[in-house]
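This report concerns only the one structure given below.
Counting begins at 1 with the first residue of the sequence. Bear in mind that the values here come from a model prediction, so they are computed numbers and not experimental data. One-based numbering, in listed order, for ligands and for the atoms of each.
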Amino acid sequence: MESLKRTKIKALLQMEPGVEVLAKGWVRTKRGNKQVKFIALNDGSTINNIQIVANTELFDEELLKRVTTGASLAVKGDLVESVGGGQHVEIQAKEIEVLGECDPMRFPLQKKDTTLEFLRSVAHMRLRTNTFGAVLRIRNAMAFAIHKFFNEKGFVYLHTPLITESDAEGAGDMFQVTTMDLKNIPLDKKGNVDFSKDFFGKKTSLTVSGQLEGELGATAVGEIYTFGPTFRAENSNTPRHLAEFWMIEPEMAFYDINDNMALAEEFVKYLVQYALDNCMDDLKFLNDKYDDGLIERMRSVLGIAFQKVTYTEAVEILEKAIADGVKFEYPVHWGTDFQSEHERYLVEKHFQKPVILIDFPKDIKAFYMKQNPDGRTVRGMDVLFPKIGEIIGGSEREADLEKLEQRIDELGMSRKNLEWYIDTRRYGSVPHSGFGLGFERLLLFVTGMANIRDVIPFPRTPKNAEF
Ligand code: 4AD
Ligand code: MG
């Protein structure tokens, strides 16, 4: 059998009949009668299975008994035109080898219809399902498209550190990194933890954002992007938050907030278009199985310009909605951060298109955002999407040394730890901007999955870090 080279199922399904082929994969289903068995084989290269037709006269009964859902097979046979509907070719089997058996009494993915919730409880096996195959292939296509987009624009892929001493967002929800013996923590004379004894000789954490280091890159080579794991120890058990997620953070010298918004809009539209152009089989599967509005919703964001609205205008819209009887769980008034219910009202009900919110109260945004002349707002931008809410957060950066230092002081942050960052404003400071796209939030949009735990292979959330 091994003299023949294996062909992946995606390629087999596009070939013309009349050749001998070798396929390998996992059994999805087996059905048939005394004379013939039909085996649906999948190898992950596509959502579609190849049908194996096994004439029972040719095969030992014992062998066919071992062909159960989940078992892995190598099948040699002739690729022939399919008589049944559904596929254009199938394999008339001549040799079947069971590579790995799969005990039907114990295999967790026996039942045809397993809920996503159940699959989370067998997360080590759920990757074998059609659903997760589709999600993983779309995830892969999106990662590739992200690199392609920036590469075509001449951006430099910058690798920012995962272990850092800086709390970029100033929100404080960081995972500490230490090699100290937690039962015997070294203390200094004042009784405080003596981090000089720790591995790095200082207090370090997992990064919440690569932005600040990204700014060092952008003010050196012009335009960079990062794409890496990001960690937040916020205790939010929502369908939109992970403790470990992936973020794409472009940072561009000489871009103002308008250039930044234009890039963000072009970027997400490019990714949605790329998914429609390259992942249609998987999208159709997800559309049929979970979310019959998926493909339509994806198309709907492409043809139109995103709606730009200031935070202040958005508050007025929401206050008017409340006056007109719309109920929200959380209150809204100028100065509060919007909840996802407010974001979704603006996008889905009021404007019925993606929204870019700008000019936020400075007190709800990070220290690095450019201050507006009004003294109370900053040049931040959040891109809000249907069904998701915030998918991108970004801003023009405060390029003025004095204003930046003043804001750091106002917020009671330590300038000492940020000297390296402040140096970008001391030496050849330039206007610059950037944003962060949450990779899994994007994936929620392009897969139609409702829970962020279902678009990352190994989710990390409070009290959950399997494998
Ligand atoms: O809005 P955020 O916090 O912005 C930043 O981190 C900036 N430093 C980005 C920049 O300007 N370079 O996060 C950016 C995006 C959010 O819009 C959201 O899509 C995603 O990251 N995100 C999360 N995704 C999953 N789980 C979480 N806990 C997330 N927190 C943020
Ligand atoms: Mg944000």
Closest non-hydrogen protein atom to [atom], residue and atom name please, with distance?
atom                    : value
atom 18 (C) of ligand 1 : R441 NH1, 3.5 Å
atom 21 (O) of ligand 1 : M247 SD, 3.5 Å
atom 20 (C) of ligand 1 : G438 CA, 3.6 Å
atom 26 (N) of ligand 1 : L242 N, 3.0 Å
atom 19 (O) of ligand 1 : I391 O, 2.8 Å
atom 4 (O) of ligand 1  : E169 OE1, 3.9 Å
atom 15 (C) of ligand 1 : G436 O, 3.6 Å

Can a non-hydrogen atom of R460 be found less than 4.0 Å from any atom of ligand 1?
no

Going by heavy atoms in the side chains, are F195 and M180 under 4.5 Å from each other? yes

Shortest heavy-atom approach to [atom] - which of [options]:
atom                    : options          : answer
atom 11 (O) of ligand 1 : R397, E440, M381 : R397
atom 6 (O) of ligand 1  : Q211, R232, K365 : R232
atom 24 (N) of ligand 1 : F231, F245, F385 : F245

Short list, please: which atoms of ligand 1 are under 4.0 Å from a heavy atom of [X]?
X    : result
E390 : 1 (O), 16 (C), 17 (O), 19 (O)
G394 : 11 (O)
G393 : 1 (O), 9 (C), 10 (C), 11 (O), 17 (O)
I392 : 17 (O)
R240 : 25 (C), 26 (N)
E249 : 7 (C), 8 (N), 9 (C), 10 (C), 12 (N)
Y368 : 7 (C), 8 (N)

- Task: Mark yes or no: R425 above the aromatic ring of Y421, with NZ or CZ under 6.0 Å from the six-membered ring centre and no more than 45 degrees from the axis.
- Result: yes

K269 meets the salt bridge (Lys or Arg N to Asp or Glu O under 4.0 Å) criterion, sequence neighbours left out, with E265

Side chains of [X] and [Y] only: does a donor on one sit below 3.5 Å from an acceptor on the other?
X    : Y    : value
R240 : S340 : yes
T312 : W334 : yes
Y225 : E249 : no
R28  : N130 : yes

F254 vs H432, test: ring pair (Phe, Tyr, Trp, His ring centres under 6.0 Å). Steps then yes/no. CA-CA 5 Å; F254 316 113; H432 63 287; 9.3 Å; no

Checking heavy atoms under 4.0 Å, the part of E234 that sits near ligand 1 is side chain

Honestly, for T230 the part within reach of ligand 1 (heavy atoms, under 4.0 Å) is neither

* To do: Please report the C-alpha distance between T131 and Y290 in whole Å, then the side-chain angles of each, then the deciding distance to 0.1 Å, and finally whether the side-chain hydrogen bond (donor to acceptor under 3.5 Å, both in side chains) criterion is met.
  => CA-CA 9 Å; T131 298; Y290 296 104; 2.6 Å; yes

request  = Determine, stepwise, if the pair E419 / R426 fulfils salt bridge (charged side-chain N to carboxylate O under 4.0 Å, His left out).
outcome  = CA-CA 10 Å; E419 287 302 332; R426 288 198 181 102; 2.8 Å; yes

Per residue E390, nearest N, O or S atom to the Mg ion (ligand 2) is named OE2

Which of D382, D337, D359 passes salt bridge (charged side-chain N to carboxylate O under 4.0 Å, His left out) with K365? Answer is D382

ask   = Does the ring center of F439 lie less than 6.0 Å from the ring center of F245?
value = no

Check your understanding: Do NZ/NE/NH1/NH2 and the carboxylate oxygens of D43 and K8 come within less than 4.0 Å?
Key -> no

